[in-house]
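Chain letters run A, B, ... following the sequence lines, proteins first, then strands; residues in each count from 1.
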Amino acid sequence: MKRKNSLIFKTIMYILIFMLVFPLLVLVIWSFSKSWPWPYLIPKDFGLRGFCYITSATCKSPRILVYSIFLSMIVTIINLLISIPAAKALGVYTFRGKKFFKTLILAPIIVPPVAVAMGIHVSFIKIGLANTFWGVVLVHLVPTIPYGVRILMNVFEIVGDSMEMQARVLGAKPIQIFFYVTLPLIAPGLVSAASMVFIISFSQYFLTFLIGGGKVVTFVIDMFPYIQSGDRMMASIYSLIFIITSFMVLLIMEKSVKAYYKTEAHFYL
Amino acid sequence: MNTKLKPYLLLIPVMTIILGIFTFGLAMGLAQSFGYFPAIGLKDFTLKYYMEILTDKGFLSSLKFSLYISIVSSILAVIIGVALAYSILQSKHKKGIEEIVYKLPIIIPHTVAVLIVYNILAQSGILPRILFHLGLIHDQSQFPSMLFDKSGIGIIITYLWKEIPFIAMVVYTVLSNISNKLSEVALNLGASKRQVFWHVLLPLVMPSIISSFIIIFAFSFGAFEVPYLLGPTAPKTLPVEAYIEYTNPNLANRPYAMVINMILTFFSLVLIWLYQKTFKLISKYSGGYR
């Protein structure tokens, strides 16, 4: 009986995982195909035409990819810099209006970004932030702040501030306390938060498109027309590069922090 | 430093962004929805735009379409996601490759998810090809068109592909932290596995399920890319509708876009309110272990 049950769950699990992963395999095959007409189950010809195009000197994609990673890195750094103090306030201290601040900070997860972006657009044009790198960075902060603050807040709730107090009693300066006590303590949460923020910023289409106005071209913006026009091979290559890149960035982030602090960091939340 | 002031000082940087961009953006949208748009010479507050939109048949079918897609995709995602999390928990005792693999869709953007669904379900996709080789269909056109159609199947499947892993990850994290002690007690006291699931585990993960349900519901309700790429010409979802009004060369159409945005926002605010209500209710009935 027990055996049979576990077999059922195993079957459910593998079927679901297959349905989640199989489409990715199809994506990989499309990236390497030269021609794949109906009704063939595998391409008639394999080729690297798409990769040749993307890595060729005339194609701007590599530069756009680097630019896009740079933009999302800036968003991640600014996000963490402002999220750490806020998360500490919400996670450690009790004060009047705490619940209100919590709700306000989490609100961008629920309120549609379309409404915020269209509302702020005219003001951004007026003050010269529209169609600029920094305008896009600023607007990317809105959907990413809730994640940065929420993940770090949970960490601060667990860590508390007793260790910092101890350091202070022993005569450490605030800067020393931050770098030698607080930072190592929250390092695992920092990696989770950074990964989440990076991914959200890196995948952002609508906000970049509207506020960037076609002048700020990230990888997703570059990729969009191929998906829209149904050019499967090119769209698949772009997607594959996108997935590999974000995976690499996440891996490097996790590994570097692990090596630096020698703490257990968990991928994702 | 004054300890009473400290938390507020720490919150200043984040609040600058939230109030300066998020809240300010919404406020500007609200003003424009009431017809206050000095940039193009509109300076009178009016309810005209709301009246026009709310009585418009096209808008009402868009609203219905948006709600339908979000409700169906979120409910299915929750059910299947919980099933996946529980199955992973039941079927193994040590960490395996499955634990990483099922999370892959989470890091993939919705635009790519659209392509992935397109590759599988389009009439020239892999699924019709497989059916052709099995002899179930003889021609592309025999495969039902699931993309760009009024039933929104393509959009719903795209959301499911992205959201099932999200729900499963959240639920699995909670489940794997609580399961052992409590369910063993229940099993010892003679409960069946099914009873343990319904009466012990499910109530414990309920708060996480509800909060992630609201997050994915709100996301699919307010998202632009997927319905823009995979949706039918009519009805369009509300965010797509708002974008079309917004990009109309005639600036006098902007207030219509803003009205649609405000209605979207109104629904989200109701969701935030519901979210807090349910949490209160749950902690009341669960004896407050959360």
Side-chain angles (χ1 to χ4, degrees), chain A residues 5-6 9-10 12-13 16-17 20-21 23-24 26-27 30 38-39 41 82-83 85-86 88-89 93 95 101 103-105 107-116 118-120 122-123 138-139 141-142 145 149 199 203 205-206 220 223-224 227-228 230 232 235-236 239 242-243 246 268-269, chain B residues 6-7 10-11 13-14 17-18 21-22 24-26 28-29 39 80 83-84 87-88 90-91 98 101-105 107-109 111-112 114-116 118-120 124 126 129-130 132-133 140 161 164-165 173 193 215 218 222 224-225 229 239 242-243 246 257-258 261 264-265 268 271-272:
Chain A
N5 245 331
S6 124
F9 287 121
K10 255 200 176 109
I12 295 177
M13 180 183 81
L16 285 174
I17 288 179
L20 294 173
V21 175
L24 285 172
V26 177
L27 189 85
W30 259 113
W38 165 273
L41 278 179
I82 64 177
S83 290
K88 188 173 178 195
Y93 304 111
F95 54 96
F101 284 113
T103 312
L104 200 57
I105 287 173
I109 297 187
I110 310 278
V111 176
V114 174
V116 180
M118 288 183 194
I120 203 77
V122 173
S123 314
L138 276 177
V139 84
L141 285 174
V142 173
I145 278 178
V149 174
I199 285 295
S203 333
Y205 173 75
F206 188 78
V220 177
M223 170 172 76
F224 202 80
I227 293 177
Q228 199 171 14
R232 287 190 187 159
S236 299
S239 303
F242 184 99
I243 295 167
S246 36
Y268 255 91
L269 285 182
Chain B
K6 199 175 173 192
L10 292 172
L11 280 167
V14 157
I17 301 288
I18 296 283
I21 297 179
F22 177 73
F24 184 73
L26 285 181
M28 293 308 280
I80 304 173
L84 176 59
S87 305
I88 295 177
Q90 286 299 309
S91 56
E98 305 91 293
V101 160
Y102 85 91
K103 290 180 189 166
L104 272 174
I107 65 163
I108 294 170
T111 37
V112 173
V114 165
L115 174 69
I116 278 169
Y118 184 77
N119 277 343
I120 305 287
S124 56
I126 277 291
R129 289 178 198 225
I130 293 172
F132 176 85
H133 282 272
Q140 269 174 283
W161 189 77
I164 288 171
T173 312
K193 277 220 150 180
I215 288 172
F224 170 81
E225 290 100 312
L229 287 168
Y243 173 71
Y246 190 80
M258 296 307 172
N261 282 338
L264 274 173
T265 310
S268 346
L271 276 178
I272 295 180

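With a 4.5 Å cut-off on non-hydrogen atoms, B:Phe132 touches chain A through its side chain but not through its backbone. Using a 4.5 Å cut-off between heavy atoms, B:Phe22 contacts chain A through both its backbone and its side chain. Both the backbone and the side chain of A:Leu41 come within less than 4.5 Å of a heavy atom in chain B. A:Tyr93 touches chain B through its side chain: at least one heavy atom from C-beta onward sits under 4.5 Å away, while N, CA, C and O do not. Proximity to chain A (any heavy atom under 4.5 Å) is restricted, for B:Leu229, to the side chain, taken from C-beta onward. A:Val111 touches chain B through backbone and side chain together, each having a heavy atom under 4.5 Å away. When heavy atoms are compared at a cutoff of 4.5 Å, B:Leu104 approaches chain A solely by way of its side chain, counted from C-beta outward. Both the backbone and the side chain of A:Phe95 come within contact range of chain B, each with at least one heavy atom under 4.5 Å from a heavy atom of that chain. Residue contact with chain A, scored on non-hydrogen atoms closer than 4.5 Å, involves the backbone and the side chain of B:Ile21 alike. Residue B:Val14 touches chain A through both its backbone and its side chain, counting heavy-atom pairs closer than 4.5 Å.
For the atom pair CG (B:Leu11) and CD1 (A:Ile82), the distance works out to 11.0 Å, reported to the nearest 0.5 Å. The line from CZ of A:Arg232 to OH of B:Tyr118 is 5.0 Å long, rounded to the nearest 0.5 Å. In this structure, B:Ile108 CD1 and A:Ser246 OG are separated by 7.5 Å, a value rounded to the nearest 0.5 Å. Between A:Leu27 atom CG and B:Ile126 atom CD1 the span is 11.5 Å, to the nearest 0.5 Å. The distance from the CG atom of B:Leu84 to the CG atom of A:Leu16 is 5.0 Å, given to the nearest 0.5 Å.
Contacts with chain B were tallied for A:Ser83, A:Ser203, A:Ala115, A:Ser239; A:Ala115 has the most, counting heavy-atom pairs under 4.5 Å. Interface summary for chain A: among B:Ile130, B:Leu271, B:Ile116, the most heavy-atom pairs under 4.5 angstrom belong to B:Ile116. For the set A:Pro108, A:Ser123, A:Pro113, the count of heavy-atom pairs under 4.5 angstrom toward chain B peaks at A:Pro108. Ranked by heavy-atom pairs under 4.5 Å with chain A, the list B:Ile120, B:Ile18, B:Asn119 is led by B:Asn119. Most heavy-atom pairs under 4.5 Å with chain B, from the set A:Leu20, A:Leu24, A:Ile17: that is A:Leu20. Of the listed residues B:Ala83, B:Gly29, B:Ser124, the one with more heavy-atom pairs under 4.5 angstrom with chain A than any other is B:Ser124. Interface remark: of the candidates A:Leu104, A:Val139, A:Val149, A:Leu104 forms the most heavy-atom pairs closer than 4.5 Å to chain B.
Using a 4.5 Å heavy-atom cutoff, the side chains of A:Ser236 and B:Leu115 are in contact.
A:Pro112 and B:Leu264 get closest at one heavy-atom pair: CG-CB, 3.7 Å. The shortest non-hydrogen separation linking B:Met28 to A:Gly119 is CB-O, 3.3 Å. When every heavy atom of B:Leu10 is checked against every heavy atom of A:Ala89, the shortest pair comes out as CB-CB, 3.9 Å. Taking both residues in full, the closest heavy atoms of A:Met118 and B:Met258 are given as O-CE, 3.4 Å, listed atom of the first, atom of the second, then distance.
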Practice problem: Determine, stepwise, if the pair A:Met223 / B:Thr111 fulfils side chain to side chain contact (heavy atoms under 4.5 Å, CB included). | Solution: CA-CA 9 Å; A:Met223 170 172 76; B:Thr111 37; 3.9 Å; yes

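Residues forming a ring-ring contact (aromatic ring centres under 6.0 Å, His included) with A:Tyr205 (at least two apart in sequence, or on another chain): A:Phe209, A:Phe224.
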